[in-house]
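Remarks on the structure that follows.
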2 protein chains.
Amino acid sequence: MEKVTLKQIAKRLNLSASTISRALQDSHQISPQTKQKVLELATELNFVPNYHASGLRKKVSKTIAVVIPEVADSYFAQAINGIEAVAQEQGFHVLIYLTHESFLKEQAILRELQNGRVDGVLLAITAETSHNRHIRELLNRGMPLVMFDRVCEDMETAKIITNDLESSYLATRHLISCGCKRVALLSASNSLAMSANRLAGYKKALQEQGHPFRPTDVIACSKAEDVNYFFIKTLLSNAHRPDGIIATVEKQATSVYQVCQELNLNIPQKVKIVAFSNLQSAAFLNPSLTTVMQPAFDMGKAAAANLCKVLKRKNLNILPETQVLPSVLHIRNSTG
Amino acid sequence: MEKVTLKQIAKRLNLSASTISRALQDSHQISPQTKQKVLELATELNFVPNYHASGLRKKVSKTIAVVIPEVADSYFAQAINGIEAVAQEQGFHVLIYLTHESFLKEQAILRELQNGRVDGVLLAITAETSHNRHIRELLNRGMPLVMFDRVCEDMETAKIITNDLESSYLATRHLISCGCKRVALLSASNSLAMSANRLAGYKKALQEQGHPFRPTDVIACSKAEDVNYFFIKTLLSNAHRPDGIIATVEKQATSVYQVCQELNLNIPQKVKIVAFSNLQSAAFLNPSLTTVMQPAFDMGKAAAANLCKVLKRKNLNILPETQVLPSVLHIRNSTG
DNA sequence: GTGAAAGCGCTAACAG
DNA sequence: CTGTTAGCGCTTTCAC
């Protein structure tokens, strides 16, 4: 990259570097004429102040990191959209890091973010994440952090979540009210608070409706697609297979459809299904899919807005407040 | 963010800053004992070298920018996955910029990237982009740039594309061979080379099969969803409506399904449809959707690999070579 | 209003 | 093998 520097402009205008700097920042202590001269030459030369130099000096990067498990999932894709919308508006740049559900990667990424590369972090933890030391470390160093969707409940920081417990409670109740005698839960992980909440909602509905809770009806999914596919196939091949399924992970829904097709199990006659999914195409699946739709875009916006707010008014600590945006149950043909 | 600096480590170990710097970079001219001492203290203090300082000094950012129209589209989501995979492996960080199909934003974003914030750029232009001056400006300044998917054909830089002409040719021929008498094309834009190629393939097939080309059967879609929905509804409400549709934009497929549902037009009996789409769920739509599936993940990987290669071997210019990865036509029930 | 000077934290000659 | 020195390009006191 070729370099046009402040100094060059200063020399060409017979001014000092500081004057140029101030003029470019529209400081009120520079005469209008000078400002104009500077601005003119700057645009002519297409001058853009060096990012590292000003970053080093001002100790800011105007950048936030988004650390998420993956992007090929409509929830996170939409969340990024929301994040990017407010970041762009507020003048922040957005770094994306995918952990691919690997705890080790998450640790390594967060560790490196302590070097001044970013001013703040938006985080949705991996399904593997079992302890919080790496997150706490960041926080201790004063890094503004907002967790969203997959949060650590015991972390003293801002959180944006949806009503997971209630949603899965409603989903389960809906399946039972549609006549399901045995509802299985495809869970995302054993460690996520989000998963625990969805499990709790599921249990609560079962109990309320007088259904027994069978631990074997809860399948903890892995990050490997084929393994999950195998789990689902096994589950549905069983003679005592469930007649209702709650998929708490979007991709699982597709797998269930696939398995049902292969096993010739009619949805919704033999098996009813509701999925936590943000797919636009849910309404056009065969049969159309009953979904719990999370407010992904708005959660992204809320998370970014919260973070940017803190970053604007400097040295104000982030409030450990939790914001809950509601999901909505869209009832379609996959549940009858 | 609290600061642990190189100097502090130096002082505590009674060594010079340069020794610490070299030790941390595992320079072969530092004694093993010193290295160990340094490393120990560094890990103990959780030292991470300041990003801006080293960036300013070394004139690199180890960061690449990905400038794309949007992310809530499975093509770009998968492409990001591919990009991130190789970037992470090669030690590069990934900045995401969404243009939302706005040419002005694209200009503004590319302009700001000239400040040393990134070492290279991956670009898929907007549907609005009519000229190349802003891109050329970047290139002139020596910024390594790889275009992918939506490229400028007349730009002297590396490009990763798919066989758009052939794909839409095959798609059109397929529709005609399924009995369609009148095939419409939902185009992404009037200015993209990609769209021109898809149009050319469509025309070629029509001509080969002795079908007339009707300009009114080509609908240039806008970036506003509702407008496109309206176009599609108008198109299909017409008495002389087409009996075959090629949607060159993923979202359009959903709109077509929706319109057909509303107008009570059975797919595939009344209207057959093939869409350029990477949706995992295409096979489970009602009816299952015939798609042209682009190698999104691999295109992302290829683009990033090309860029990283150039960035590794410094000051080597990017080769203006075009790499073509083939799309594949998946025939399903929406055409048959 | 403008300039001089110092320094952000690190790296890379150049010495020894 | 290690230290000294200079400086990346910018911002910001402090002078005038």
Side-chain angles (χ1 to χ4, degrees), chain A residues 1-39 41-42 45-63 112-119 141 314, chain B residues 1-39 41-42 45-63 112-119 141 314:
Chain A
M1 293 292 298
E2 239 163 78
K3 16 70 195 296
V4 183
T5 70
L6 228 167
K7 263 188 192 164
Q8 290 171 21
I9 302 193
K11 188 174 285 177
R12 283 187 50 168
L13 292 178
N14 255 322
L15 288 167
S16 75
S18 30
T19 305
I20 310 297
S21 175
R22 283 190 275 245
L24 291 173
Q25 291 174 71
D26 204 23
S27 159
H28 41 266
Q29 46 172 5
I30 295 287
S31 78
Q33 308 93 290
T34 324
K35 260 186 205 172
Q36 205 197 327
K37 270 199 299 183
V38 172
L39 243 56
L41 187 56
L45 298 180
N46 206 339
F47 169 73
V48 193
N50 182 278
Y51 170 63
H52 291 300
S54 61
L56 177 57
R57 202 45 244 255
K58 300 203 285 195
K59 304 196 170 310
V60 292
S61 62
K62 289 301 267 177
T63 306
E112 196 179 349
L113 291 182
Q114 300 181 17
N115 66 356
R117 184 185 270 275
V118 300
D119 298 337
R141 295 232 177 172
K314 269 313 245 282
Chain B
M1 293 290 298
E2 239 161 77
K3 18 62 198 300
V4 183
T5 69
L6 229 167
K7 263 188 191 164
Q8 290 170 23
I9 302 191
K11 188 174 284 176
R12 282 187 52 165
L13 292 179
N14 255 324
L15 287 168
S16 76
S18 34
T19 304
I20 309 297
S21 175
R22 283 188 276 243
L24 290 171
Q25 291 176 70
D26 204 24
S27 159
H28 41 266
Q29 45 171 7
I30 296 287
S31 78
Q33 307 94 290
T34 321
K35 260 186 205 171
Q36 207 196 325
K37 272 198 299 184
V38 172
L39 243 55
L41 187 56
L45 299 180
N46 206 341
F47 170 74
V48 192
N50 181 279
Y51 169 65
H52 291 300
S54 61
L56 177 57
R57 200 49 243 251
K58 300 203 285 197
K59 302 194 172 313
V60 292
S61 62
K62 290 300 267 178
T63 305
E112 195 178 351
L113 291 182
Q114 300 182 18
N115 67 356
R117 183 184 269 276
V118 300
D119 298 336
R141 295 233 177 168
K314 271 311 251 280

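Hydrogens, waters and symmetry mates are skipped; everything else that's a heavy atom, side chains included, is used. Each chain gets a letter, A, B and so on, in the order its sequence line appears, and its residues count up from 1.
- Here B:Q36 pairs with B:E40 under the side-chain contact (heavy atoms from CB on, under 4.5 Å) rule; sequence neighbours left out.
- Taking for each of B:V48 and A:P32 the nucleotide of DNA chain C with the nearest heavy atom, the 5'-most of the two is the partner of A:P32.
- No contact: A:Y51 has no heavy atom under 4.0 Å from any strand.
- The nearest pair of heavy atoms linking B:R12 to B:L45 is NH1-CD2, 3.8 Å.
- The separation between A:D26 atom CG and D:dT11 atom P is 14 Å, rounded to whole Å.
- Qualifying salt bridge (Lys or Arg N to Asp or Glu O under 4.0 Å) partners for A:K11, counting only residues two or more places apart in sequence or in other chains: none.
- The CD-P distance, from A:Q8 to D:dG9, rounds to 9 Å in whole Å.
- Taking atom NZ on B:K58 and atom P on D:dG9, their separation rounds to 16 Å, with Å as the unit.
- For DNA chain C, the outermost nucleotides in 5' to 3' order that have an atom under 4.0 Å from a heavy atom of chain A are C:dG1 to C:dG9.
- Put simply, the side chain of A:S27 never gets that close to the backbone of A:I30: no donor and acceptor are under 3.5 Å apart.
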query: Taking it one step at a time, do B:L6 and B:F47 satisfy side chain to side chain contact (heavy atoms under 4.5 Å, CB included)?
result: CA-CA 8 Å; B:L6 229 167; B:F47 170 74; 4.3 Å; yes
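- Looking at residues two or more places apart in sequence or on another chain, you find no side-chain contact (heavy atoms from CB on, under 4.5 Å) involving B:A17.
- Considering only residues two or more places apart in sequence or on other chains, A:D26 meets the side chain to side chain donor-acceptor pair (under 3.5 Å) condition with A:K35.
- Taking side-chain N and O atoms only, B:S16 has a distance below 4.0 Å to OP1 or OP2 of D:dG3.
- The separation between A:Q25 atom CD and D:dT12 atom P is 6 Å, rounded to whole Å.
- In terms of the side-chain contact (heavy atoms from CB on, under 4.5 Å) criterion, residue partners of A:Q8 (sequence neighbours excluded) are, by chain and number, A:V4, A:T5.
- Qualifying side chain to side chain donor-acceptor pair (under 3.5 Å) partners for A:T63, counting only residues two or more places apart in sequence or in other chains: A:Y51, B:R117.
- In this structure, of D:dG9, D:dC8, D:dC1, it is D:dC8 that holds the atom nearest to the side chain of B:R57.
- Distance A:L6 CG to D:dC8 P: 13 Å, rounded to the nearest Å.
- Side-chain nitrogen and oxygen atoms of A:S21 include at least one within less than 4.0 Å of the OP1 or OP2 phosphate oxygen of D:dT11.
- Pairing each heavy atom of B:V60 with each of A:H52, the nearest pair is O-NE2, 3.6 Å.
- Straight-line distance from the CD atom of B:Q114 to the C1' atom of D:dG9: 17 Å, rounded to whole Å.
- In this structure, the NZ atom of B:K7 is 13 Å from the P atom of D:dT4, given to the nearest Å.
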Using residues 18-25 of chain B as the side-chain source, report each donor-acceptor pair under 3.5 Å to any protein atom, sequence neighbours left out, with the distance given to one decimal.
| from | atom 1 | to | atom 2 | distance (Å) |
| --- | --- | --- | --- | --- |
| B:S18 | OG | B:S16 | OG | 3.0 |
| B:T19 | OG1 | B:S16 | OG | 3.0 |
| B:S21 | OG | B:Q25 | NE2 | 3.1 |
| B:Q25 | NE2 | B:S21 | O | 3.3 |

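- Between B:G116 and B:S61, the closest heavy-atom pair is O-CB, 3.7 Å.
- Taking a pair as Watson-Crick or G-U with both hydrogen-bonding distances under 3.5 Å, the stems of three or more pairs touching DNA chain D are C:1-16 with D:1-16.
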Dump the pairs, protein N or O against N or O of nucleotides 13-16 of chain D, anything under 3.5 Å, distances to one decimal.
none

